[in-house]
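In what follows, a structure is listed as structure tokens, so that the remarks can point back to it.
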Amino acid sequence: MAKDRSSVISFQKFCYIAIISSICSIILFLSWTNCCSQCYPPFAYQTTLQNQTRSINLLSYPLAWNNLIFSANLPTKFLKIALFVKKWPQKSHAGGLERHALTLHLALAKRGHELHIFTTSPNPSIANDSMNNLNFHFSKPTPAGYLDQATVWEQFQLQNSTTRPFDIVHTESVGLRYTRSRDVTNLAVTWHGIAYETIHSDIIQELLRPPDEPQTNAMKERIVKVVEEIKFFTNYAHHVATSDHAGDILKRVYMIPKERVHVILNGVDQQVFKPDISKGEEFKQRHGVPNSKSLVIGLAGRLVKDKGHPLMFEALKQIIEENNTYLESSTILVAGDGPWAARYRELGSNILVLGPLEQSELASFYNAIDIFVNPTLRAQGLDHTLLEAMLSGKPVMATKLASIVGSVIVGNEMGYTFSPTVIDLKKALYESWVSGRGILNKKGQVARERGLQLFTATKMVAAYERLFLCISSSKHDDNFCEYHPLGN
């Protein structure tokens with residue numbers, strides 16, 4: 001009897017402990033969820049102001065401005081904008097920074113703003129960008145390829161001293177150096193990458209370094225660069241971060257006041273990058289991709305080491321060696337050029353290296369694939385290729401870097417992420433292969449939904465336009481810095 005009573009008491013104690021543990025777990029989970037919600041926007045395609053009715057001060061808004069809905073109507077005020085950018089790009093050979101400058105400022109000019117672009121010597125594509133309110137001021141680059149600061153500053157002052165000075169000054173990264181920017185109060189700088197972010201990349205590169213390759217001083221040098229950036233970043237009046245993570249770092253680590261840091265995620269042209277089955281089928285037929293292939297993987301961009309192509313090459317090589325079925329049922333399309341193009345060709349006829357593609361061809365490329373893979377090792381900015389693929393309705397697979405998992409692939413409903421190791425990348429590639437087209441199509445639909453909510457050129461341009469209007473009139477009564485959810 002005593003033994004039975006003891007068993008009952010022990011069981012009751014166990015129940016109490018289990019209940020208490022469950023309550024503690026729930027409390028910890030809710031606390032963690034609340035903490036995470038302070039760092040990055042709510043999951044996926046839900047905007048943050050669905051139930052917001054009060055007006056907010058945009059300069060203090062902590063999340064990406066892409067979450068907000070701005071009026072599509074032309075503004076009541078047209079701006080005179082100065083842009084400093086190292087290179088005005090050729091449309092088919094543009095890096096992320098140049099593509100951002102091209103997309104944003106052409107759109108602003110089309111909306112009626114007067115643009116003055118201070119850049120290096122012209123290239124043939126500029127003739128196609130001629131509009132009455134789009135003005136170029138050229139100068140010879142320095143031996144290192146940067147803007148000659150003395151020359152562009154003189155050009156800027158000449159334009160700024162006219163009857164109408166500039167309402168807003170915008171520099172893509174350090175196009176206008178901090179030595180010139182410190183006294184420009186109506187200035188915004190867009191950072192497409194900061195030194196602190198690249199420390200993660202340096203760690204990855206060191207972990208992947210072959211034993212016979214000498215160790216570099218990259219990480220030690222990076223720490224010094226972070227300190228230097230913290231010192232001179234304060235010379236820019238307003239800072240635009242292109243990812244939620246970068247915005248958080250600018251406020252916490254670089255200690256820039258929150259009202260001077262604004263997150264505007266990159267956007268791409270949704271009229272170009274969109275689902276089009278017929279274009280995808282035509283692209284596959286033209287490049288000899290058989291209909292029997294159950295999986296078509298896409299890669300795009302510069303085929304260089306820091307974009308993760310040695311990692312991707314090794315993962316594919318091992319998969320091909322260990323799984324004949326994978327090889328027979330899959331095709332890998334590689335759009336871009338660089339040193340690793342030749343290496344990919346060595347893997348056999350199922351890896352097709354297409355070279356760099358024009359924008360329209362790139363749109364067809366995304367429609368031809370089942371999943372887009374970005375194995376980048378660079379923790380910098382927000383890669384346009386991921387956004388283009390998502391708007392095209394494709395699931396994405398990318399490295400677990402803070403900007404990517406904080407802003408782009410925020411859940412497995414839209415794709416896959418992997419640690420930058422061959423083992424983890426192979427696991428993700430196998431998982432997408434086993435999932436099959438049905439699952440990948442569903443993930444692609446979710447990816448497109450998120451893309452339309454956050455990553456369109458329209459959303460990006462609207463956010464920048466409102467920021468520029470706000471900065472240019474922050475000392476006046478135009479109320480551009482106030483956001484009203486019902487009236488925008």
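In what follows, residues are counted from 1 in the order of the sequence shown.
- Across all their heavy atoms, A368 and K284 have their closest contact at O-CD, 3.4 Å.
- Side-chain polar atoms of H262 and Y61 form no donor-acceptor pair below 3.5 angstrom.
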V272/S360 under side-chain contact (heavy atoms from CB on, under 4.5 Å): CA gap, chis, key distance, verdict: CA-CA 7 Å; V272 174; S360 60; 5.9 Å; no

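- For the pair L187 and H238, the minimum side-chain heavy-atom distance is 4.5 Å or more.
- Using a 4.5 Å heavy-atom cutoff, the side chains of L333 and V296 are in contact.
- In plain terms, the two heavy atoms of N291 and E281 that are nearest each other are OD1-OE1, 3.9 Å.
- Closest of all the heavy-atom pairs between P420 and L208 is O-CD2, 3.7 Å.
- Around CZ of R222, the count of heavy atoms belonging to other residues, nucleotides or ligands within 6.0 Å exceeds 12.
- Between the side chain of S181 and the main chain of N235, a donor-acceptor pair closer than 3.5 Å is present.
- The salt bridge (Lys or Arg N to Asp or Glu O under 4.0 Å) search around R466 returns none, not counting sequence neighbours.
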CA sep, side-chain torsions, deciding dist, call: Y416, I409, side-chain contact (heavy atoms from CB on, under 4.5 Å): CA-CA 7 Å; Y416 308 83; I409 312 177; over 6 Å; no

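- Pairs engaging residues 314-330 under the salt bridge (charged side-chain N to carboxylate O under 4.0 Å, His left out) rule: E322-K426 [sequence neighbours left out].
- For the pair W433 and I297, the minimum side-chain heavy-atom distance is 4.5 Å or more.
- Remark: F283 CZ to N367 CG distance equals 10.0 Å, nearest 0.5 Å.
- For R209 (side chain) and E213 (main-chain N/O), a donor-acceptor pair under 3.5 Å exists by modelled atom type.
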Verdict with supporting geometry, Y178 and F233, ring-ring contact (aromatic ring centres under 6.0 Å, His included): CA-CA 7 Å; Y178 65 91; F233 269 35; 9.2 Å; no

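- The closest side-chain donor-acceptor pair between E229 and Y254 falls under 3.5 angstrom.
- The backbone N or O of I439 sits nowhere less than 3.5 Å from a side-chain atom of S435 that would complete a donor-acceptor pair.
- Using a 4.5 Å heavy-atom cutoff, the side chains of L108 and V461 are in contact.
- In this structure, L68 and L58 have side chains that are in contact, with non-hydrogen atoms separated by less than 4.5 Å.
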Test log, rule side-chain contact (heavy atoms from CB on, under 4.5 Å), inputs T171 and Y236: CA-CA 10 Å; T171 174; Y236 293 94; 4.0 Å; yes

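- R448 CZ to L452 CG: the interatomic distance, rounded to the nearest 0.5 Å, is 4.5 Å.
- Judged purely by atom type and a 3.5 angstrom limit, T456 has no side-chain atom pairing as donor or acceptor with the backbone of Q453.
- No more than 12 heavy atoms of other residues, nucleotides or ligands lie within 6.0 Å of CD1 in I423, so this atom counts as exposed by the packing criterion.
- Remark: the backbone N or O of K220 is not paired with any side-chain donor or acceptor of N217 at under 3.5 angstrom.
- Between A300 and T385, the shortest heavy-atom distance links the atoms O-CG2, 4.2 Å.
- T331 and N350 share no side-chain donor-acceptor pair at under 3.5 Å.
- With a 6.0 Å cutoff to the six-membered ring centre and a 45° limit on the axis angle, K394 does not count as a cation-pi contact of F372.
- Residue K274 places its NZ atom among 12 or fewer non-hydrogen atoms of other residues, nucleotides or ligands, all under 6.0 Å distant.
- Remark: L362 CG to F273 CZ distance equals 5.0 Å, nearest 0.5 Å.
- For E282, the CD atom counts as densely surrounded, since its 6.0 Å shell holds more than 12 non-hydrogen atoms of other residues, nucleotides or ligands.
- Looking at L382, N266, V268 one by one, the single match for side chain to side chain contact (heavy atoms under 4.5 Å, CB included) with F455 turns out to be L382.
- For the atom pair H287 NE2 and E361 CD, the distance stands at 5.5 Å (nearest 0.5 Å).
- A donor-acceptor pair under 3.5 Å is formed between the side chain of S294 and the backbone N or O of S329.
- Under the 4.5 Å side-chain criterion, counting only non-hydrogen atoms from C-beta, L352 is not in contact with V334.
- Side-chain atoms of S243 come within 3.5 Å of backbone N or O of A246 as a donor-acceptor pair.
- A salt bridge links E346 to R343: at least one charged side-chain nitrogen sits closer than 4.0 Å to a carboxylate oxygen.
- To the nearest 0.5 Å, the span separating CD on E465 from SG on C470 amounts to 12.5 Å.
- Listed for the D337 side chain is no donor-acceptor partner under 3.5 Å among the backbone atoms of P356.
- Rounded to the nearest 0.5 Å, atoms CD1 (I351) and CG (L327) are 7.0 Å apart.
- Shortest non-hydrogen contact noted between G406 and D244 is O-OD2, 3.7 Å.
- Every residue two or more places apart in sequence or in another chain was checked for a salt bridge (Lys or Arg N to Asp or Glu O under 4.0 Å) with R302, and none qualifies.
- Sequence neighbours left out, the pairs with a member in residues 433-442 that pass salt bridge (charged side-chain N to carboxylate O under 4.0 Å, His left out) are D370-R437.
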Using residues 189-197 as the side-chain source, report each donor-acceptor pair under 3.5 Å to any protein atom, sequence neighbours left out, with the distance given to one decimal.
unit_1, atom_1, unit_2, atom_2, d
T190, OG1, H170, NE2, 2.8
T190, OG1, Y464, OH, 3.0
W191, NE1, H239, ND1, 3.0
H192, NE2, E172, OE1, 2.7
E197, OE2, S403, OG, 2.8

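- At a threshold of 4.5 Å between non-hydrogen side-chain atoms, the residues L429 and M397 count as touching.
- In this structure, W65 and A463 approach most closely via the heavy-atom pair CE3-O, 3.6 Å.
- Listed by first and then second residue, the salt bridge (charged side-chain N to carboxylate O under 4.0 Å, His left out) pairs that reach into residues 252-265 are D248-R252, sequence neighbours excluded.
- Ring to ring, Y483 and F70 are close: their centroids are under 6.0 angstrom apart.
- Taking 4.5 Å as the limit, every side-chain heavy atom of L377 sits out of range of all side-chain heavy atoms of K307.
- Under the 3.5 Å distance criterion, the side-chain polar atoms of N441 are left unmatched by any main-chain donor or acceptor of G438.
- T417 pairs in a side chain to side chain contact (heavy atoms under 4.5 Å, CB included) with only one of the listed residues (N412, T399, V405, L401), which is V405.
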side-chain contact (heavy atoms from CB on, under 4.5 Å) between E413 and K443, intermediate numbers included: CA-CA 5 Å; E413 290 85 354; K443 289 179 182 290; 5.9 Å; no

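- Side-chain contact check for W88 and T120: no donor-acceptor pair (N or O, by modelled atom type) lies under 3.5 Å.
- Under a 3.5 Å cut-off, the side chain of T376 and the backbone N or O of R378 do form a donor-acceptor pair.
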